[in-house]
Amino acid sequence: MWSYDLKPVQAKLLDQGIIDLSGNFDDDMATYVRVALIHLAVAGSPKIEIRITSNGGGITPGLDIYDMLIKYPGRTNGLVIGHAGSIATVVLQSCGHRWCLANS
């Protein structure tokens, strides 16, 4: 049995429908996304925004996140803030609508 406690900032963003993917894509990030999507599914699968700032990371955790976002029944919007490299660009493709800031 696994457990994951959301950090206060993550929980506050999640209440607004925002999942922040900053840093290296690893098993901890995949667990965070899993917990966040379960929380949102219980809340009725509202529209969510995925904010990405990452150079990439592990292929397996990145593809796990991609698969979870593809299966999420609500609307997903992806926003690149800063940069999205390597597997982060693949995860961005799982979002139904994709944007990036002007200098991203």
Side-chain angles (χ1 to χ4, degrees):
M1 185 72 177
W2 54 270
S3 68
Y4 184 90
D5 292 324
L6 292 173
K7 297 173 186 169
V9 172
Q10 291 173 329
K12 197 153 192 86
L13 288 173
L14 194 56
D15 288 341
Q16 297 175 21
I18 298 169
I19 297 177
D20 182 50
L21 302 181
S22 298
N24 201 28
F25 280 65
D26 56 15
D27 290 336
D28 288 338
M29 184 181 287
T31 301
Y32 160 58
V33 172
R34 183 180 314 114
V35 169
L37 291 178
I38 289 170
H39 175 79
L40 291 166
V42 169
S45 300
K47 175 179 76 170
I48 59 173
E49 181 176 298
I50 309 299
R51 294 185 181 174
I52 300 174
T53 301
S54 175
N55 286 327
I59 299 299
T60 302
L63 291 177
D64 289 345
I65 293 168
Y66 175 91
D67 289 340
M68 287 185 272
L69 291 174
I70 285 288
K71 293 296 184 182
Y72 180 72
R75 180 177 169 172
T76 55
N77 296 323
L79 174 64
V80 176
I81 301 172
H83 57 278
S86 187
I87 195 69
T89 60
V90 175
V91 170
L92 178 64
Q93 297 307 307
S94 69
C95 299
H97 295 87
R98 298 170 290 280
W99 293 280
C100 65
L101 297 181
N103 293 304
S104 294

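- When every heavy atom of P46 is checked against every heavy atom of Y72, the shortest pair comes out as O-OH, 2.6 Å.
- Exactly one residue among L40, I65, I52, T76 makes a side-chain contact (heavy atoms from CB on, under 4.5 Å) with I19. That residue is L40.
- The CG atom of D20 lies 15.0 Å from the NZ atom of K12; values are rounded to the nearest 0.5 Å.
- L79 CG to L101 CG: the interatomic distance, rounded to the nearest 0.5 Å, is 5.0 Å.
- Listed by chain and residue number, Y66, L69, I70, V91 satisfy the side-chain contact (heavy atoms from CB on, under 4.5 Å) test with S94 (two or more places apart in sequence, or in another chain).
- L37 and L63 fall within the same hydrophobic cluster, where Ile, Leu, Val, Met, Phe, Trp and Tyr residues are linked whenever their side-chain heavy atoms come under 4.5 Å apart, directly or through other members.
- Contact annotation: the side chain of I50 never approaches that of N77 to less than 4.5 Å [non-hydrogen atoms, C-beta and beyond].
- The minimum heavy-atom distance linking T89 with S86 is given by the pair OG1-O, 2.6 Å.
- In the hydrophobic clustering of ILVMFWY residues, with side-chain heavy atoms under 4.5 Å counting as a link, I18 and V9 come out together.
- Cluster annotation: F25 and I59 are assigned to the same hydrophobic cluster (Ile/Leu/Val/Met/Phe/Trp/Tyr, side-chain heavy-atom contacts under 4.5 Å, transitive).
- A donor-acceptor contact shorter than 3.5 Å is absent between the side chain of N24 and the backbone of D26.
- Contacts classified as side chain to side chain donor-acceptor pair (under 3.5 Å) and involving residues 35-62 (residues at least two apart or in different chains) are given here: E49-R51, N55-H83.
- Cluster annotation: V35 and L13 are assigned to distinct hydrophobic clusters (Ile/Leu/Val/Met/Phe/Trp/Tyr, side-chain heavy-atom contacts under 4.5 Å, transitive).
- Nearest approach of Q93 to R98, heavy atoms of both residues: OE1-NE, 3.5 Å.
- For residues 67-82, no residue pair satisfies the salt bridge (Lys or Arg N to Asp or Glu O under 4.0 Å) rule, not counting sequence neighbours.
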